[in-house]
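As structure tokens, the structure follows; a few thoughts come after it.
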Protein chains: 2
Amino acid sequence: MDNTSLRVYGGVEGDDRRAERRTQLIEAGLDLLGSESDDVSLTVRGVCKQAGLTTRYFYESFTDRDALAIAVYDHVTDEIATTTLEAVAAAPADERAKIHAGLKNIVDIVADDPRRGRLLFSATLTNSLLLHRRVRSARLFASLLGEEARAFYGMSGSAALEPTSQFIVGGLAQTLTAWLDGTVELERHQIVDRCTEIFLAIADIRRSSREREA
Amino acid sequence: MDNTSLRVYGGVEGDDRRAERRTQLIEAGLDLLGSESDDVSLTVRGVCKQAGLTTRYFYESFTDRDALAIAVYDHVTDEIATTTLEAVAAAPADERAKIHAGLKNIVDIVADDPRRGRLLFSATLTNSLLLHRRVRSARLFASLLGEEARAFYGMSGSAALEPTSQFIVGGLAQTLTAWLDGTVELERHQIVDRCTEIFLAIADIRRSSREREA
DNA sequence: CATATCTGAAAACAAGCGTTTTCAGATATT
DNA sequence: AATATCTGAAAACGCTTGTTTTCAGATATG
């Protein structure tokens, strides 16, 4: 726990060795949590074996399995959130362009590292803590979408916003899941294009219902 | 295993006693798998306690936990599939009416028995076997939707059909999840209406893209 | 009544898990 | 060279699980 009296070992500073081991554990955790085979659970012995470390070092960096799972999840979601916001901001001030840029960034990340994709979207993930984390993320994403739409279309407090955002979030997750596991066979850009079209179509419901209200 | 030499006991036939215990186990399994608290897992001891039976009788009706989980899941999905198909068939030959009738039947069932709803849609279910079962169901449902749309709109083999169907299935599941756990606060009929609108909007993508193709 | 079966409760066994501790050898420090 | 720390491997403890077995008492059958 304490970092007092950490010697150099193997030519490496004590803090660096700890940080290195922590990184190895997070990477190994991502290997397991994002594994293609679904019946691998995140056990202390398992993640240490994957990391090439012994169990003693697990508790050097994490209090328990849950702490590691959270670290892995946040590691992935922080990156995806940051880059997606950047991509959306950098896109032209056009509805379709913004949505397309955001979706493209998400699809690129989960395609380049399928572990991340499965961690975020796999329908067969069994880790309870991560499933709850996902629910939180979905709520957050849905709420962001709702605000964005509200601002864009200048709606006040339309009650239809919330279920619609939830629908979009779930639909995207399901589509990417099916794409990642091979059920849907499309090129990367085709997935992005299709999802963009669906986003826009659902957004048009608001527009037309708003016109009806007016 | 064998039912030879089964006596009457407590005034009940041997086969009836077995069937009764089996029913109790399935009901108890649904209690646990559809529990509001997510950290209850389907253990033999747990389900027997819930059923008011002892572990000895578990193996009288099921070879292992997985067999019970499958029995519970199929018990629920069989009913929902049958009644939904009936509801759709009984509805007027109108696109909106068919979709509305099907959705209403699903929403009614999961609202009347939240255990069923959570078993089918909860985002925090951790039972690996059931999660795989869900994937299969989602694939089946998506494929049915695709065929229906193909027939309705007379499309040939549009590649956009599959991701779109997956999107709808996932969106519906997410919306119902959020509704069941209280994240989305709407009346029962409002959920049905909203989802119907979204269904139709996504179907309109096909229609308009088909018009573009023509 | 005597015998065979059924029932409920508990014990038993092996396996996997989280977590802590032990320990011999490798490496740095003085 | 002597001492303190770091490392990797393994053992240890207690708990939960799946699964099977034991056993005393309740109930039916001849």
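By convention in this document, chain letters (A, B, ...) are assigned in the order of the sequence lines, proteins followed by strands, and residues within each chain are numbered from 1.
Here the side chain of A:Thr55 is nearest to one of C:dT20, D:dA4, C:dA26, namely C:dT20. Side-chain atoms of A:Arg65 lie closest to C:dC17 of the nucleotides C:dC17, C:dT7, C:dT29. Among the nucleotides C:dT27, C:dT29, D:dT20, the one closest to the side chain of A:Val8 is C:dT29. Distances from the side chain of A:Arg21 to the nucleotides D:dA28, C:dA28, D:dT7 place D:dT7 closest.
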Practice item. Carefully, step by step, assess B:Ser122 and B:Thr124 under the rule side-chain hydrogen bond (donor to acceptor under 3.5 Å, both in side chains). Key: CA-CA 5 Å; B:Ser122 166; B:Thr124 53; 3.2 Å; yes

Exercise for review: Apply side-chain hydrogen bond (donor to acceptor under 3.5 Å, both in side chains) to A:Arg194 and B:Thr164, showing your working.
Suggested key: CA-CA 8 Å; A:Arg194 271 322 283 170; B:Thr164 307; 3.1 Å; yes

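Taking atom CZ of residue B:Arg56 and atom P of nucleotide C:dT7, one finds them 7 Å apart after rounding to whole Å. Atom C1' of nucleotide C:dT19 and atom CG of A:Leu42 are separated by 15 Å, given to the nearest angstrom. As a whole-Å value, the separation of B:Glu60 CD from D:dT21 C1' is 16 Å. Taking atom CG of residue A:Leu32 and atom P of nucleotide C:dC17, one finds them 12 Å apart after rounding to whole Å. If you take OH of B:Tyr9 and C1' of D:dA28, they are 8 Å apart, rounded to a whole angstrom. B:Lys49 places its NZ atom 11 Å from the P atom of D:dT17, with the value rounded to the nearest Å. Atom pair B:Leu68:CG and D:dG18:P shows a separation of 11 Å (rounding to whole Å applied). The separation between A:Leu6 atom CG and D:dT7 atom P is 8 Å, rounded to whole Å.
Judged by atom type and distance alone, B:Arg7 reaches the base of C:dT5 through a side-chain donor-acceptor pair under 3.5 Å.
At a threshold of 4.0 angstrom between heavy atoms, the contacts of A:Gly46 with the nucleic acid are absent. Heavy atoms of B:Thr43 sit under 4.0 angstrom from primed sugar atoms or phosphate atoms, though from no base atom. When heavy atoms are screened at a 4.0 angstrom cut-off, B:Arg45 is found touching base atoms of the nucleic acid. Within the 4.0 angstrom heavy-atom criterion, base atoms lie near A:Tyr57. Residue-level contact check: A:Arg17 touches the backbone only, with heavy atoms under 4.0 Å from sugar-phosphate atoms and none from bases. When heavy atoms are screened at a 4.0 angstrom cut-off, A:Gly52 is found touching no nucleic acid atom at all.
The aromatic rings of B:Phe167 and A:Phe167 are tilted relative to each other, their planes meeting at an angle between 30° and 60°.
Nearest-nucleotide mapping onto DNA chain D: of B:Phe58 and B:Val12, the residue sitting toward the 5' end is B:Phe58.
B:His100 pairs with exactly one of B:Leu200, B:Asn105, B:Val192, B:Val88 by the side chain to side chain contact (heavy atoms under 4.5 Å, CB included) rule, that one being B:Val192. Residue A:Leu68 is tested with A:Leu33, A:Ile26, A:Leu32 for a side chain to side chain contact (heavy atoms under 4.5 Å, CB included); the sole match is A:Ile26.
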